[in-house]
Amino acid sequence: MTRYRALIACLLVVMWAASCTWLREEGGAPAESFAVEMDRLETAGGYLREQGRFEEAAAVYDEIDRRFGRDPSPAVRERVAAALNAKALTRRDEGRHEEAFAILTEIDRRYGAAADPSARFEVVLALGHKSEMLDSLGRYDEANAVSREVVRRFARDNYGIRQAAMDALIERVWRLRSNKRSEDEIAILAWLSEGFGAAADVASRRKIARALVDRGEALARLGRFGEAIAVYEDAARRYGAETDRRLLGEAVRALVDKGEALGQQGRYEKELALYVDIERRHGTNVGERDSEWVDPLDWEVSRARVNAVTSLLMLGRNREALRQVKVASSRYDVGNGVLPFLVWLADSRTPFETVRRRARALDFDDHHWLFRWSADVIRPLLDRLPEPRRTQARCLAAFYEAHHDRETLDDCLGGAARVGASETAAAEAVSLDELGRRALLLLHRGKQEESAAVFDEIECRFGQDEEAAIRTRFAEMLFGRARYRSDKEPPEEAIAAFDDIVRRFADDPVGMARFQALFALSGKMEKLVSLNRFDEADAAHAELVRRFAQDEDDTVRVSAANNLYNYAWALKVKGRFGEALAVYGEIDRLFSGDGANMAPVFVADALVGRGDILALQGRFEEAITAYDEAERRLVGKTAPRLHGKAAEAFVSKAAMWGQLGQPERELALYAEAEERYPAGEDGFYLKEEVARARVYALPPMLALGRAEEAILRAKAIQTDAESHYAAFMPFVLWLTDASAQPGPVRDAVREFGDIGLFLLRWPSGFRPVIASLPEPRQTQALCFVAYLGRHHDIRKLDACLGYEPER
């Protein structure tokens, strides 16, 4: 399904560019080449910048400015400003900061006072980029001046621009915090909460509340507890009676933070009383769900419960602390990871090895244990413990609070095999898995030399091992290192690492070891394509076919088909359509008679993929022929996935008739698709294609003047709880209703996930409808077009629409 959606998204980009040529009017006549050329240039610039070809990318952005920079229409001005922002970031990536600053200043000069909000939105982004670069250069005073300017100029702008301005300040707060610039952080948070304090919408008030509590935390980190407590009390007073759970959650967060500040001052009785009061006032509300994954109020009450365990320990009330542990367990894992440690502190009979193992099993990357406990709070308690418990407790406290490194924890404890309070460390064999995890962890932390030393040890101990499981795991580790190098290191090193795996394991008797060699060869092809070294990529592709396409292991052979399909996809993305077509043909030739599980799926993907590429090239008649051939070969298949691919080919063929300007025939084929492929026992894949046919029929219906039929269908889709397209139907209905407001449409499309699935056929079909709309509806429609077809930034959509939420 992922591949299917990615394919649709790719088709979306090209077909949108080919059809949406109506975004701008000049002298009353459509400028047919504008959208196509602008899309082409933007795509090229982004690709060149991604590849590190900065001069070429900058030249493309200059070309956009040269060709379109004087155009007065809002749609063009916004895109030119976006291109200049991209050029500034390109210069930044090169390290040419002064040139980047000059470009950002030029954006502000041109568009800072623009009447059209989309252009002003780009100015906010430009100022955010400027402050980010100044911070990176250590020029914090200048960056502060930029932040003040953002507040002064945009705190009372329209809703979308206000949100972008606040987000720029919040991002800067995170940078300052990571750079330990606490005083600057406190200043920015004050400007944010005070400058935007007049905003009455809920989204803004949530950010203001968070900024207020964050300011208190920054003061507490500096030991300014009196000021911090005053800020916490202010936040609790402002938001303590809110009905919105996120705002109320910030009020409770402020109270929990106040409790921690009291604890850090040694005022444990008052701290505990505060947690008890939080439980009394808000504990009964725990369990209600917010729209987010984590309910903020539930989270903060859980924090208070965990912190109460610590307070009781500090007061020497260990039995009560053990009872509180049972209350403190949270469905969100707030503190659950550290509760065994607190139990061990409260009860000396608890085996230490159990606590150590629980600590080492935590996944800190997933924030398994997150809560605001600090080792500073319980340091006096740790100091009172006898040895060796004191040392063990300090090691665990540092692990939980700061480094989260299992090796460092083991070193601190005197060796990985230390058990309980024993002073002797038993020698423990280190497994291949443990070494591999350590080597890759060090690599991802940028410790290349240490990682290389561990890999050398792995090579020495396991490199010649003939046991199948060991050889497979060894090959997997080498591939993990090669993949990291492909992403982070010079390309020649990555290619050499892939070659090494192929050399070692391509002819290995162990099938799963050959599997890793196949992955390595595929990784090499992917890297070479990204570098535009197509001749070398083709040689690697030929080697993959020679070595693995007829492998005796079904898993390896099917993976070869999959990786050939991925190679065709990479070529297609690069615009190498002829070569991609050849690879699709090769997949068909090599695997069409293969009975291995999943091999027929990749053949089906290749058959439909031929039509997709021909469609991308504008060769619609040939695409129709290819889709016909794909359907003919797949329609009799009983496997649901293959039957679904047959339906996909049929629906895609119908869309081609729309591209050829025959909406009647297109619409007839969509109706036939519903009869030909009833969504029954074949499940998800077929049902998805039938749904696509029903939605794709809407544009030709409207183009043929069958508005009432289109409205009835859109309403039916909108009420279908299982439809992927339901959230988009309000926009279709809005187009047909002159009295409808854009606000509900905005809320609906924000929830629409897989945009590409619908938009593939949308722009060309709805072109006459949107072109005929009066102002301001036509501009509003174009705002939706830009959001759904290009930038997907809800703040930018809000700015373009002039949207203001209800107060």
Side-chain angles (χ1 to χ4, degrees), residues 3 459 462-486 491-572 574 576 579-606 609:
R3 182 183 305 103
E459 176 77 39
F462 302 102
Q464 303 303 316
D465 198 305
E466 295 183 1
E467 202 276 320
I470 293 292
R471 293 192 63 73
T472 298
R473 188 71 186 100
F474 180 50
E476 289 173 356
M477 290 175 191
L478 293 180
F479 180 76
R481 179 171 64 171
R483 174 58 71 186
Y484 174 85
R485 287 181 168 177
S486 181
E492 295 308 325
E493 294 185 26
I495 291 168
F498 287 132
D499 281 339
D500 180 54
I501 297 169
V502 175
R503 178 184 60 77
R504 288 172 181 249
F505 299 105
D507 299 314
D508 200 282
V510 179
M512 292 310 293
R514 295 198 305 278
F515 190 76
Q516 296 303 317
L518 168 62
F519 271 12
L521 200 48
S522 180
K524 177 182 176 180
M525 290 157 56
E526 177 186 329
K527 189 66 179 178
L528 290 167
V529 169
S530 73
L531 297 169
N532 294 330
R533 291 159 58 174
F534 298 107
D535 290 342
E536 295 172 74
D538 191 54
H541 150 247
E543 184 179 2
L544 186 149
V545 171
R546 177 178 62 81
R547 287 183 177 276
F548 302 112
Q550 302 302 323
D551 196 282
E552 62 186 21
D553 189 309
D554 283 356
T555 302
V556 176
R557 195 167 60 254
V558 171
S559 183
N562 185 16
N563 282 281
L564 286 174
Y565 182 84
N566 292 340
Y567 180 53
W569 170 263
L571 290 168
K572 179 169 56 181
K574 288 284 191 175
R576 313 279 292 196
E579 294 163 67
L581 283 171
V583 177
Y584 282 145
E586 192 171 44
I587 294 170
D588 186 13
R589 177 177 59 80
L590 290 169
F591 301 100
S592 59
D594 198 312
N597 187 31
M598 290 301 293
V601 171
F602 297 115
V603 174
D605 286 339

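Predicted model only: the values in this text are computed from it and were never measured.
Contact of the Leu478 side chain with the Arg504 side chain is registered, since non-hydrogen atoms from C-beta on lie closer than 4.5 Å. Using a 4.5 Å heavy-atom cutoff, the side chains of Glu579 and Val529 are not in contact. Side-chain contact between Lys524 and Val502: absent, with no pair of heavy atoms (C-beta onward) separated by less than 4.5 Å.
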Inset, instruction - Apply side-chain contact (heavy atoms from CB on, under 4.5 Å) to Phe548 and Leu521, showing your working. - result: CA-CA 10 Å; Phe548 302 112; Leu521 200 48; 4.0 Å; yes
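By the side chain to side chain contact (heavy atoms under 4.5 Å, CB included) test, Asp538 is found to be paired with His541, Tyr567, residues two or more places apart in sequence or in another chain being considered.
Residues Phe519 and Ser559 come closest through the heavy atom pair CE1-OG, 3.4 Å. Nearest heavy atoms, Arg547 versus Asp507: NH1-OD1, 3.2 Å. Closest non-hydrogen pair, Asp508 versus Arg514, comes out as O-NH1, 2.8 Å. Between Phe505 and Ala513 the shortest heavy-atom distance is CB-O, 3.5 Å. Across all non-hydrogen atoms, the minimal contact from Ala606 to Tyr565 is N-CE1, 4.2 Å. Pairing each heavy atom of Glu586 with each of Val545, the nearest pair is OE2-CG2, 3.8 Å.
Note that CG of Asp588 and CG of Leu564 are 12.5 Å apart. Values are rounded to the nearest 0.5 Å. Considering CZ of Phe602 and CG of Leu590, their distance stands at 14.0 Å, rounded to 0.5 Å. The structure places CG of Leu518 at 10.5 Å from CG of Asp553, a figure rounded to the nearest 0.5 Å. Taking CG from Leu571 and CG from Leu581, the interatomic distance works out to 10.0 Å, rounded to the nearest 0.5 Å.
Side-chain atoms of Arg557 come within 3.5 Å of backbone atoms of Asp551 as a donor-acceptor pair (strictly under, hydrogens ignored).
A salt bridge does not link Asp499 with Arg503: none of the charged nitrogens is closer than 4.0 Å to a carboxylate oxygen.
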